[in-house]
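Order of the sequence lines sets the chain letters (A, B, ...), proteins ahead of strands, with each chain counted from 1.
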2 protein chains.
Amino acid sequence: MIDYDVLLEQFKLIIKESGLKYTKQRELIVKYLYDNHGHFTPEEINDALKITYPDMTIGIATVYRTLTLLEDAGLVTSISFGAQGKKYEFGLKKHHDHLVCKQCGIITEFYDEVIEKQQHEIANKINFKMTDHTMKIIGVCQSCQNLTLTRNNS
Amino acid sequence: MIDYDVLLEQFKLIIKESGLKYTKQRELIVKYLYDNHGHFTPEEINDALKITYPDMTIGIATVYRTLTLLEDAGLVTSISFGAQGKKYEFGLKKHHDHLVCKQCGIITEFYDEVIEKQQHEIANKINFKMTDHTMKIIGVCQSCQNLTLTRNNS
DNA sequence: CTGACTGCAAAATCTTTGCAAAGAC
DNA sequence: GTCTTTGCAAAGATTTTGCAGTCAG
């Protein structure tokens, strides 16, 4: 995993090159996603920052604006959940896809060489210029399956 | 592709078994998705029905409620687009995945045996009980690529 | 008849925008 | 200083809900 200091430098560089400003709020959001690997809604990020930095006021609008900015810059990526918003995660990890448990909502990441390769082939076959892809496997994770069993046996 | 009459029977059966009622509105929405293969937002469906059946009033709420019902019944499936809602499509086709052009928004469907198989293997490996999956390849379709070329050359 | 369904409008979510004040460079 | 960013609140956009009337079975 990339070092936080290196990440910060990269972030500052992107900021500078775009003629934008480097602010505390932006850093905190990047830092939060870096430190807490996982998938968060804008609101979760906002709430967490409010708790961690009670003396700072960060508006939810800023979180949205920053996440959009960070996504454009490639520092974070998002994953959609139906109509009910997006979740964001730190984006400079190796590309991966997601398994989503529809019972507890937990998201597990995976990477599979065969799938990656096949996707390129599919896109190439029809002259589609692939820039990105997402894959979600939806189902029930092992611990939720166990829970169900337990409940049935009791 | 399944016959419309057969589909209707199946739909009526599902309705009856759930103790629900068979209404004109529900039929029209099923019919619309059957006749117009493609991917539609609830609003698009609502607008289209308003035009096709000017003498019927179908509330947007009914479209939402019906789509949820139909999705639960497996007659339609949905594909999410970030925070900006879902699109629905007729769901009794053979399973397939999507290529989404980020310029014109056109959705192309594909089915790939290798990917399907690999997904099962990934889920099995970690004891994840897969019930569904979605895969989106995002990029630029051939005609949008051509447009860009044309624009650059002119 | 009874209970489900509908349309409407209001409410609830989630996200974006306008604006004056504050902050980065 | 200049121009961007921020927080707030208001506005938008999308989806859901409450309710009285309507309709299917």
Visitor: Could I get the full list of side chain to side chain donor-acceptor pair (under 3.5 Å) partners for A:E17, not counting sequence neighbours?
Guide: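 Once residues adjacent in sequence are excluded, A:E17 has no partner under the side chain to side chain donor-acceptor pair (under 3.5 Å) criterion.
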
Visitor: For the hydrophobic clusters of this structure (ILVMFWY residues joined by side-chain heavy atoms under 4.5 Å, transitively), does one cluster hold both A:I137 and A:Y111?
Guide: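 No; tracing contacts between hydrophobic side chains, which count when under 4.5 Å, never links both residues.
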
Visitor: Measure centre to centre between the rings of B:F40 and B:Y88, then say whether the value is under 6.0 Å.
Guide: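 Ring centres of B:Y88 and B:F40 not closer than 6.0 Å.
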
Visitor: Go through residues 43-51 of chain B and report each residue with a non-hydrogen atom lying under 4.0 Å from DNA chain C, sorted by number.
Guide: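 None - not one residue of the stretch has a heavy atom sitting under 4.0 Å from the strand.
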
Visitor: Could you state the CZ-C1' distance from B:R26 to C:dC5, rounded to the nearest angstrom?
Guide: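 Computing the B:R26:CZ to C:dC5:C1' distance gives 6 Å.
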
Visitor: Who pairs with B:K50 by side chain to side chain donor-acceptor pair (under 3.5 Å), at least two apart in sequence or on another chain?
Guide: none

Visitor: Taking the six-membered ring of B:Y4 as reference, does the NZ or CZ atom of B:K31 fall below 6.0 Å from its centre and within a 45° cone about the axis?
Guide: yes

Visitor: Report yes if at least one side-chain N or O of A:T41 is closer than 4.0 Å to OP1 or OP2 of C:dC14; otherwise report no.
Guide: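 Answer no for this pair, as no side-chain N or O of A:T41 is under 4.0 Å from OP1 or OP2.
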
Visitor: Roughly how many Å is it from CD in B:E27 to P in D:dG25, rounded to a whole number?
Guide: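 B:E27 atom CD is separated from D:dG25 atom P by 12 Å.
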
Visitor: Grab the NZ-C1' distance between A:K16 and D:dC3 for me, whole Å please.
Guide: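 From A:K16 NZ to D:dC3 C1': 16 Å.
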
Visitor: Expressed as a whole number of angstroms, how long is the span from B:I15:CD1 to D:dC23:P?
Guide: 18 Å

Visitor: Do any N or O atoms from the side chain of A:S18 and from the backbone of A:I14 form a donor-acceptor pair under 3.5 angstrom?
Guide: yes

Visitor: Does B:Y22 or B:P42 map to a spot on DNA chain D nearer the 5' end, using the closest nucleotide for each?
Guide: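 Its nearest nucleotide lies further toward 5', so the answer is B:P42.
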
Visitor: Once you round it to whole Å, what is the distance between P of C:dC25 and CD of A:E17?
Guide: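 That distance rounds to 15 Å.
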
Visitor: What pairs of residues pass the side chain to side chain donor-acceptor pair (under 3.5 Å) test when at least one of them lies in residues 64-79 of chain B, not counting sequence neighbours?
Guide: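 Passing the test, one end in residues 64-79 of chain B: B:E71-B:S78.
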
Visitor: Taking only the side-chain nitrogens and oxygens of A:T23, find out if one of them lies under 4.0 Å from OP1 or OP2 of D:dT4.
Guide: no

Visitor: Taking atom types as they are modelled, would you say the side chain of A:K21 forms a donor-acceptor pair with the base of C:dA24 within the 3.5 Å cutoff?
Guide: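 Yes.
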
Visitor: Just jot down the side chain to side chain donor-acceptor pair (under 3.5 Å) partners of B:Q142, sequence neighbours excluded, or say none.
Guide: none

Visitor: Does anything in residues 52-69 of chain A come within less than 4.0 Å of DNA chain C? Heavy atoms only, and list the residues if so.
Guide: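 Close to the strand are A:A61, A:Y64, A:R65.
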
Visitor: Which nucleotide in the list D:dT4, D:dT6, C:dC5 gets nearest to the side chain of A:Q25?
Guide: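 Taking heavy atoms from C-beta onward, the closest nucleotide is D:dT6.
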
Visitor: What's the verdict on side chain to side chain contact (heavy atoms under 4.5 Å, CB included) for B:E9 and B:V6, showing C-alpha distance, side-chain angles and the deciding distance?
Guide: CA-CA 5 Å; B:E9 281 319 303; B:V6 176; 5.7 Å; no

